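For reference, the structure is listed below as structure tokens.
Both ligands and their constituent atoms are indexed starting at 1 by order of listing. Predicted model, so just to flag it, every value in this text is computed and none were measured. Hydrogens, waters and symmetry mates play no part in the numbers below; they use all other heavy atoms, side chains included.
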Amino acid sequence: MTGKKRILSGMRPTGPLHLGNLHGALLNWVRMQDEYDCFYFIADWHALTSDYENTSMISEYTREMIIDWLSAGLSPDKSTMFIQSHVKEHAELFLILSMITPVPWLERNPTYKDQIVQLSSKDLSTFGFLGYPVLQAADIIMYKPSGVPVGIDQVPHVEITREIARRFNFLYGEVFPEPEAILTKTPKILGLDRRKMSKSYNNAIFLSDKPDVISSKVSAMVTDPQRARKSDPGDPDVCNVFEFHRIYSGEATCDDINPKCRKAEIGCVECKKIMAKNLSKALEPIREKREYYEARPQTVDDIIADGIKRAGKVAAKTMEEVRASVKI
Ligand code: TRP
Ligand code: SF4
């Protein structure tokens, strides 16, 4: 592990992972395993910030998410995978950082303002929700990573993290390097109804979906809206099914279907069947690994315990430095 730059990222345990998560984040994480010393964790305390009223699923989702990670190719030999709430140092660093973080930095956080509007059914006027980025800053700088692979929506949080790190260093001495957000270009994948793929929109294909579930979801997908009948020519460029073909079916199939669709020589039903089959096949190795881990709960427990131990060692060392710097 020596010599490699460190990266860290996390996900909130909000439910089973879908293709949007796979292509948008997880496959990147997998690819980065060889080049970096990777720390990946489940942000279960962050899940509490918005779901404090109903906490019944958090621990189950946490475990399922780790199984999704392992199934998609994160390897315990290469990456440290852990659960935030099991490394208590995060809470201590959060507390200390909260002493030095000006409230206006949090109030003007675009994610904060946005979420309050988006999740209007929940009462998010809490101290914990406002402090979300402070906890995230603690998660990150604890491990002194050089980079944080995240989606564009998380960039403001990494920016606040850098500001908090800078302020800590200014007040107490250089302890924390300022991490960079690592943004990677990812294929855009929309939900079954062409909105953003999301569990809450009910338009997602999950990594854990079985082939029959995939078939029935794909058969309900929206295609070229102008194509009402099989005899109408279609336009693959505006068809979401074709976007999936581009990712899962390979060039030869795309080159075959494209003109046929335009000349109404292939119907959407058949086209979807081909796509569903290719998608199922692409997800097969993930499904197989999931079966492997589901049959071996002890192995999963051991991987989690080992990750927590490894993360805990780094966190304990950082906190010694922090306490010494703050003189407390
Ligand atoms: N806020 C992140 C999200 O919703 C999750 C998260 C919490 C995180 N702590 C983190 C991501 C630290 C990266 C680094 O996706
Ligand atoms: Fe889309 Fe395929 Fe139908 Fe063409 S044939 S509109 S690409 S589903």
Side-chain angles (χ1 to χ4, degrees), residues 6-14 17 20-21 24-26 28-29 38-51 65 82-85 87 90 93-94 109 111-112 114-115 129 131-143 145 147-162 164 179-183 192 194 218-246 249 253-276 278 311:
R6 181 173 291 164
I7 58 162
L8 168 135
S9 197
M11 287 185 196
R12 278 175 303 140
T14 48
L17 293 182
N21 306 123
L26 200 47
N28 266 332
W29 290 13
C38 300
F39 281 66
Y40 298 126
F41 76 100
I42 307 279
D44 55 346
W45 278 334
H46 275 109
L48 272 185
T49 61
S50 53
D51 295 332
M65 194 169 270
F82 66 99
I83 302 170
Q84 182 188 39
S85 68
V87 182
H90 288 233
L93 186 54
F94 165 65
N109 166 25
T111 319
Y112 176 69
D114 189 57
Q115 294 279 90
F129 190 70
Y132 188 111
V134 186
L135 180 57
Q136 183 158 346
D139 298 337
I140 296 172
I141 64 179
M142 183 75 84
Y143 302 91
V148 189
V150 283
I152 189 97
D153 61 307
Q154 291 296 312
V155 169
H157 287 156
V158 178
E159 199 44 52
I160 297 179
T161 299
R162 292 165 61 88
I164 293 176
E180 310 266 358
I182 304 177
L183 288 166
L192 301 171
R194 307 201 71 197
V218 168
S219 70
M221 275 175 84
V222 179
T223 65
D224 173 359
Q226 301 295 324
R227 192 178 188 199
R229 277 172 298 268
K230 196 178 158 186
S231 53
D232 297 337
D235 182 358
D237 291 335
V238 300
C239 176
N240 197 21
V241 176
F242 199 73
E243 290 299 320
F244 280 68
H245 272 303
R246 285 189 215 275
S249 298
T253 306
C254 288
D255 289 348
D256 180 48
I257 290 175
N258 194 326
K260 283 187 180 161
C261 169
R262 290 177 198 280
K263 286 183 273 178
E265 284 169 6
I266 184 172
C268 295
V269 174
E270 189 193 341
C271 181
K272 284 173 165 180
K273 275 197 184 134
I274 298 170
M275 193 277 275
N278 292 335

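- Annotation: Gln154 places an N or O atom under 3.5 Å from an N or O atom of ligand 1; distance criterion only.
- Nearest protein heavy-atom contact of atom 7 (C) of ligand 1 is His46 ND1, 3.3 Å.
- Taking atom 2 (Fe) of ligand 2 as the reference point, the nearest protein heavy-atom neighbour is Cys271 SG, 2.4 Å.
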Notebook entry, point to check: Please walk me through it: do Ile257 and Phe242 pass side chain to side chain contact (heavy atoms under 4.5 Å, CB included)?
Noted result: CA-CA 9 Å; Ile257 290 175; Phe242 199 73; 4.1 Å; yes
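- Counting only N and O atoms by type, the side chains of His46 and Gln84 include a donor and acceptor under 3.5 Å apart.
- Enclosure of atom CD in Glu265 by more than 12 non-hydrogen atoms of other residues, nucleotides or ligands within 6.0 angstrom is indicated.
- Taking every non-hydrogen atom of Ser9 and a distance limit under 4.0 Å, the qualifying atoms of ligand 1 come out as 13 (C).
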Next item on the list: Give the intermediate values and the outcome of ring pair (Phe, Tyr, Trp, His ring centres under 6.0 Å) for residues Phe82 and Tyr143.
Entry: CA-CA 13 Å; Phe82 66 99; Tyr143 302 91; 5.4 Å; yes
Check: Can you list the steps and then say if Leu17 with Met11 is a side chain to side chain contact (heavy atoms under 4.5 Å, CB included)?
Finding: CA-CA 10 Å; Leu17 293 182; Met11 287 185 196; 3.9 Å; yes
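- Interface atoms of ligand 2 facing Arg227, defined by a heavy-atom separation under 4.0 Å, are 3 (Fe), 4 (Fe), 5 (S).
- Residue contact check: Asp224 has heavy atoms under 4.0 Å from atoms 6 (S) of ligand 2.
- Between the OG atom in Ser219 and the CE atom in Met275 there is a gap of 10.0 Å [rounded to 0.5 Å].
- Salt bridge annotation for Arg246-Glu243: present, with a cationic side-chain nitrogen under 4.0 angstrom from a carboxylate oxygen.
- The existence of a salt bridge linking Asp237 and Arg262 is confirmed by a sub-4.0 Å separation between a basic side-chain nitrogen and an acidic carboxylate oxygen.
- Nearest protein neighbour of atom 13 (C) of ligand 1, counting heavy atoms only, is Gly10 N, 3.5 Å.
- Of all heavy-atom pairs spanning Ile266 and Cys261, the tightest one is CG2-N, 3.6 Å.
- Of all protein heavy atoms, the one closest to atom 8 (C) of ligand 1 is Gln136 NE2, 3.5 Å.
- Protein heavy atom in closest approach to atom 9 (N) of ligand 1: Asp139 OD2, 2.8 Å.
- Per-residue contacts place Ala43 under 4.0 angstrom from the following atoms of ligand 1 (heavy atoms of the residue considered): 7 (C).
- In this structure, atom 4 (Fe) of ligand 2 lies nearest to the protein heavy atom Cys261 SG, 2.3 Å.
- Atom numbering of ligand 2 starts at 1 in the shown order; those under 4.0 Å from a heavy atom of Cys239 are 1 (Fe), 6 (S), 7 (S), 8 (S).
- Taking backbone and side chain together, Cys268 holds an N, O or S atom under 2.8 Å from atom 3 (Fe) of ligand 2.
- Given atom 14 (C) of ligand 1, the protein heavy atom at minimum distance is Ile140 CG1, 3.6 Å.
- Using a 4.0 Å cut-off to heavy atoms of Arg12, the atoms of ligand 1 that qualify are 4 (O).
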Notebook entry, point to check: Given Phe41 and Asp139, is the side chain to side chain contact (heavy atoms under 4.5 Å, CB included) satisfied, shown in steps?
Noted result: CA-CA 9 Å; Phe41 76 100; Asp139 298 337; 3.4 Å; yes
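- Residue Gly234 places no heavy atom under 4.0 Å from ligand 2.
- Counting only heavy atoms of the protein, atom 1 (N) of ligand 1 lies nearest to Tyr132 OH, 2.7 Å.
- Rounding to the nearest 0.5 Å gives a distance of 9.0 Å between CG of Asp153 and CD of Gln115.
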